[in-house]
Amino acid sequence: MLRPRIPVNPLPTGLVTPLVQPAAPATDIEPTACHHDHTPAPVPATPRVQVPAVRLTPTGLVALVAGGAGLVLIVGTVLVSMLLAVALTGVSIAVVAVVLRMVVRDMQKGR
């Protein structure tokens with residue numbers, strides 16, 4: 001069956017030790033001449049399968065363009081709403097910081 005061939009390298013030098021392959025036993029047997037043809041049989045040609053080309057009708061083209069435009073509009077709306085959410089969060093944090101600064105200043109003055 002299958003036996004794993006693990007290279008043995010006792011020192012980690014980075015040099016790769018080649019695997020030792022057992023040599024085939026040498027035989028002194030001469031092949032005998034035969035009297036028949038050794039040419040391979042001709043392989044029948046496999047027919048090419050034609051993949052149908054994608055053809056767009058005018059209606060299909062309009063639907064494709066409308067779908068692409070709709071997708072762009074949806075993605076754009078989502079991105080703009082995310083940007084708006086980040087901007088509103090930043091503005092609200094700035095307002096809270098200004099209010100806290102006023103409160104701290106008033107507390108230090110003793111009002």
Side-chain angles (χ1 to χ4, degrees):
M1 290 298 284
L2 301 172
R3 292 185 309 189
R5 294 188 178 105
I6 302 171
V8 178
N9 195 359
L11 299 174
T13 59
L15 301 174
V16 178
T17 306
L19 294 174
V20 178
Q21 299 291 333
T27 56
D28 293 332
I29 300 173
E30 300 260 339
T32 58
C34 55
H35 303 290
H36 58 274
D37 191 16
H38 284 279
T39 58
V43 178
T46 57
R48 291 186 60 194
V49 177
Q50 290 284 340
V51 178
V54 176
R55 296 184 186 191
L56 288 176
T57 61
T59 307
L61 186 61
V62 168
L64 183 67
V65 169
L71 182 67
V72 166
L73 288 175
I74 291 172
V75 170
T77 303
V78 169
L79 291 177
V80 167
S81 64
M82 289 172 63
L83 180 64
L84 184 62
V86 169
L88 287 176
T89 304
V91 168
S92 64
I93 289 175
V95 169
V96 168
V98 168
V99 169
L100 281 176
R101 186 175 176 193
M102 281 197 230
V103 168
V104 168
R105 187 182 308 157
D106 286 345
M107 287 174 58
Q108 287 177 350
K109 286 184 178 179
R111 287 187 181 182

Can you give the donor-acceptor pairs under 3.5 Å from side chains of residues 83-101 to other protein atoms, not counting sequence neighbours?
{"unit_1": "Thr89", "atom_1": "OG1", "unit_2": "Ala85", "atom_2": "O", "d": "2.8"}
{"unit_1": "Ser92", "atom_1": "OG", "unit_2": "Leu88", "atom_2": "O", "d": "3.2"}
{"unit_1": "Ser92", "atom_1": "OG", "unit_2": "Thr89", "atom_2": "O", "d": "2.8"}

By the definition side-chain contact (heavy atoms from CB on, under 4.5 Å), identify the one residue from Val72, Leu73, Leu79 that meets it with Val75. Leu79
With Thr59 as partner, the option from Val62, Thr57, Leu61 fulfilling side-chain contact (heavy atoms from CB on, under 4.5 Å) is Thr57
